[in-house]
Amino acid sequence: MSLAQSLLNWIAPQPDATPMGRIIKRLVAGNEQNILRPFSATTHCGKILAAMERGQRMTSLSAFAICGAVSADRRVREVTKRLRAEGRPLQERWIKTKGGARVKEYWLDDPKNCRRKRVRGGR
C-alpha cells in the first residue's frame with residue numbers, strides 16, 4: 001500500500017475497514033442467504049418447537065410447563081416467528097381461560113399432525 005492510499009484510508013476509511021463496517025458487511029451477507037440456524041433441542045425454544053411438532057397446542061402457560069422459563073411467552077413468540085419465516089403452516093386462535101383471560105393458542109397444521117375435524121350434523 002502506498003503512502004497516499006494509507007493517508008486516504010486514515011482520512012476516509014473504507015466502510016469494511018472499520019469494526020462497525022465489518023459487522024454491517026456480515027449482517028448484509030447473512031441476510032442474502034436467509035439461513036436460519038435450527039434451535040438446539042436443549043434450549044427453551046427447542047423444547048417448545050419439539051412439542052409443537054409432536055402436535056401439541058401451545059400457549060404461554062403450557063410453554064412455561066414444558067421449559068420452566070419465566071419468559072415462556074417470549075420463547076413462544078421466537079418459535080412462531082421462526083416458523084413463519086420458514087413458511088411452515090402455523091395456526092393460531094384466541095381462547096378464553098377459566099379465569100376469563102384471553103390468551104393465544106398456536107399449533108402446527110402439518111399433514112402428519114392433522115386430525116379429522118368433526119362437523120356438526122354432518123357425516
Side-chain angles (χ1 to χ4, degrees):
M1 187 184 305
S2 69
L3 180 62
Q5 283 180 334
S6 43
L7 283 174
L8 184 60
N9 281 340
W10 183 74
I11 294 169
Q14 297 295 324
D16 58 343
T18 61
M20 185 53 102
R22 285 190 291 269
I23 291 171
I24 292 171
K25 187 176 181 180
R26 269 187 276 152
L27 288 174
V28 170
N31 287 340
E32 289 172 356
Q33 296 173 357
N34 283 335
I35 296 174
L36 299 173
R37 291 185 326 181
F39 291 124
S40 172
T42 57
T43 62
H44 295 147
C45 291
K47 291 176 184 177
I48 293 169
L49 180 61
M52 289 179 78
E53 286 175 340
R54 286 191 305 265
Q56 187 173 350
R57 293 180 179 232
M58 192 62 52
T59 63
S60 298
L61 187 59
S62 60
F64 175 74
I66 289 172
C67 63
V70 176
S71 58
D73 59 333
R74 289 185 182 181
R75 303 293 83 83
V76 170
R77 282 193 299 250
E78 284 180 33
V79 171
T80 56
K81 184 178 178 183
R82 171 71 62 90
L83 291 172
R84 285 186 183 114
E86 292 175 354
R88 307 256 319 257
L90 180 72
Q91 301 292 323
E92 62 184 40
R93 70 174 177 167
W94 286 99
I95 60 171
K96 200 173 243 189
T97 62
K98 292 178 183 176
R102 288 180 55 212
V103 294
K104 223 168 210 187
E105 181 180 49
Y106 301 94
W107 69 95
L108 281 173
D109 198 19
D110 288 339
K112 65 179 181 180
N113 292 332
C114 283
R115 295 189 180 104
R116 188 175 175 189
K117 296 179 182 178
R118 293 183 182 174
V119 179
R120 267 193 158 161
R123 300 171 196 171

Working to the nearest 0.5 angstrom, can you tell me the gap between [X] [atom1] and [Y] [atom2]?
X     : Y      : atom1 : atom2 : result
Ser62 : Arg57  : OG    : CZ    : 11.5 Å
Arg77 : Tyr106 : CZ    : OH    : 8.0 Å
Leu49 : Leu108 : CG    : CG    : 7.0 Å

If you compare all heavy atoms of Thr59 against all heavy atoms of Val76, which two are closest, and at what distance to 0.1 Å?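 Here Thr59 and Val76 meet closest at O-CG2, 4.3 Å.
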Note: Ala72 and Ser60 closest approach over all heavy atoms is CB-O, 3.8 Å
For the pair Glu78 and Lys81, find out whether any cationic side-chain nitrogen is under 4.0 Å from an anionic carboxylate oxygen.
no
Note, [X] side chain near [Y] side chain (heavy atom, < 4.5 Å):
X      : Y      : answer
Arg88  : Asp109 : no
Cys67  : Ile48  : yes
Met52  : Val79  : yes
Ile95  : Val103 : yes
Phe39  : Arg82  : yes
Arg102 : Thr97  : no

Practice task
Assess the side chains of Thr43 and Ser40: does a donor N or O sit below 3.5 Å from an acceptor N or O?
Solution key: no
Keeping to residues at least two apart or across chains, list the salt bridge (Lys or Arg N to Asp or Glu O under 4.0 Å) pairs with something in residues 90-99.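 Every pair satisfying salt bridge (Lys or Arg N to Asp or Glu O under 4.0 Å) with a residue in residues 90-99: Arg84-Glu92, Glu92-Lys104, Arg93-Glu105.
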Check: Transitively linked via ILVMFWY side-chain contacts under 4.5 Å: Trp107 with Leu90?
Finding: no
**Request:** Give the intermediate values and the outcome of side-chain contact (heavy atoms from CB on, under 4.5 Å) for residues Met58 and Thr80.
**Result:** CA-CA 10 Å; Met58 192 62 52; Thr80 56; over 6 Å; no
